[in-house]
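Numbers restart at 1 for each chain; the letters A, B, ... are given by sequence-line order, proteins then strands.
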Amino acid sequence: MLLAEGVSGPEKGGGSAAAAAAAAASGGVGADNSAEHSDYRAKLSQIRQIYHTELEKYEQACNEFTTHVMNLLREQSRTRPISPKEIERMVSIIHRKFSSIQMQLKQSTCEAVMILRSRFLDARRKRRNFNKQATEILNEYFYSHLSNPYPSEEAKEELAKKCAITVAQVSNWFGNKRIRYKKNIGKFQEEANMYAARTAVNAANASSHGSQANSPSTPNSAGGYPSPCYQSDRRIQ
DNA sequence: GACGATGATTGCCG
DNA sequence: CGGCAATCATCGTC
């Protein structure tokens, strides 16, 4: 893991290797916003640097402590016999202790990288609002099908194409819209009336100078839904 | 910076 | 599997 992220492993060329490794490891998000990407890389290299300085610190502390203990043992060897085996045992205990600390450091670094990675990869964190036109199109469909706001797969595809978003996003949008509309109809009244009126105007225009009741550009022309109707049951109180 | 709006995710249900 | 409900995380506004 740490090796893959370029945090652990041989240090060559101060960071560029790590950045490359990180870029490779994060595969799939490469074609993303470069600003965010460089932010990710910066944070990763920061983690990496902290890891290395800490590791070095522990290494140094371990060596210092070892020599200190050795000195103590040498001191004691004057008053009592101390076998080389005993010294070796002591040293290995110290090393074990310090290496377990280093393992902990490694683990916490690993966790930090994981969190950073999940933050970077989580789509929710890169959420962008749809543009105005897309929202208009979606709302128009929603309010002109208020009695049955469940677009078919084809209708969803049509909407997705028009709004330049994915079908999944259209589904998400309708899911959110239905639940939020239902939860607080009052809040959406104004919006509902506005779109209903607009749809009515569109329908009137279309029928006044055309043989068809539905304009070809109206979303419901593809989904097999009935022609747009004014939702007179939603009134401002 | 608090707060509402909003897109996305998760877990559950029929 | 699609939809609902709750929730998360960010955006946009004040």
Whole Å only: how far is the CZ atom of A/Phe142 from the P atom of B/dG7?
13 Å
Going by side-chain hydrogen bond (donor to acceptor under 3.5 Å, both in side chains), name the residues that satisfy it together with A/Arg74, two or more places apart in sequence or in a different chain.
A/Asn71
Within the structure, does a side-chain N or O atom of A/Gln169 lie under 4.0 Å from either OP1 or OP2 of B/dG7?
no
Considering residues at least two apart in sequence or located in another chain, which fulfil the salt bridge (charged side-chain N to carboxylate O under 4.0 Å, His left out) criterion with A/Lys182?
none
Could you work out, with side-chain hydrogen bond (donor to acceptor under 3.5 Å, both in side chains) as the rule, every residue matching A/Gln76, not counting sequence neighbours?
A/Arg80
When you compare the protein's N or O atoms with those of nucleotides 3-6 of chain B, which come within less than 3.5 Å of each other, and at what distance?
{"from": "B/dT6", "atom 1": "O4'", "to": "A/Arg127", "atom 2": "NH2", "distance (Å)": "3.4"}
{"from": "B/dT6", "atom 1": "O2", "to": "A/Arg127", "atom 2": "NE", "distance (Å)": "3.3"}
{"from": "B/dT6", "atom 1": "O2", "to": "A/Arg127", "atom 2": "NH1", "distance (Å)": "3.2"}
{"from": "B/dT6", "atom 1": "O2", "to": "A/Arg127", "atom 2": "NH2", "distance (Å)": "3.0"}

Charged N-O contact under 4.0 Å between A/Lys162 and A/Glu136:
no
Hits for ring-ring contact (aromatic ring centres under 6.0 Å, His included) against A/Phe98, two or more places apart or cross-chain, chain-then-number order -> none
Which atom pairs, one a donor and one an acceptor, fall under 3.5 Å between side chains of residues 82-95 of chain A and the rest of the protein, sequence neighbours left out?
{"from": "A/Ser83", "atom 1": "OG", "to": "A/Glu86", "atom 2": "N", "distance (Å)": "3.2"}
{"from": "A/Ser92", "atom 1": "OG", "to": "A/Arg89", "atom 2": "O", "distance (Å)": "3.1"}

Contacts of A/Tyr195 meeting ring-ring contact (aromatic ring centres under 6.0 Å, His included) (sequence neighbours excluded), chain-then-number -> A/Tyr143
Spacing between A/Arg128 atom CZ and C/dA9 atom C1', to the nearest angstrom:
12 Å
Show each protein N/O and nucleotides 2-5 of chain C N/O combination with a separation under 3.5 Å, one pair to a line.
{"from": "C/dG3", "atom 1": "OP2", "to": "A/Lys156", "atom 2": "NZ", "distance (Å)": "3.3"}
{"from": "C/dC4", "atom 1": "OP1", "to": "A/Tyr150", "atom 2": "OH", "distance (Å)": "2.3"}
{"from": "C/dC4", "atom 1": "OP2", "to": "A/Arg178", "atom 2": "NE", "distance (Å)": "2.6"}
{"from": "C/dC4", "atom 1": "OP2", "to": "A/Arg178", "atom 2": "NH2", "distance (Å)": "3.1"}
{"from": "C/dA5", "atom 1": "OP1", "to": "A/Lys182", "atom 2": "NZ", "distance (Å)": "3.0"}
{"from": "C/dA5", "atom 1": "OP2", "to": "A/Lys182", "atom 2": "NZ", "distance (Å)": "2.6"}

Of all residues at least two apart in sequence or in a different chain, which pass the side-chain contact (heavy atoms from CB on, under 4.5 Å) check with A/Glu153?
A/Lys156, A/Glu157, A/Val167
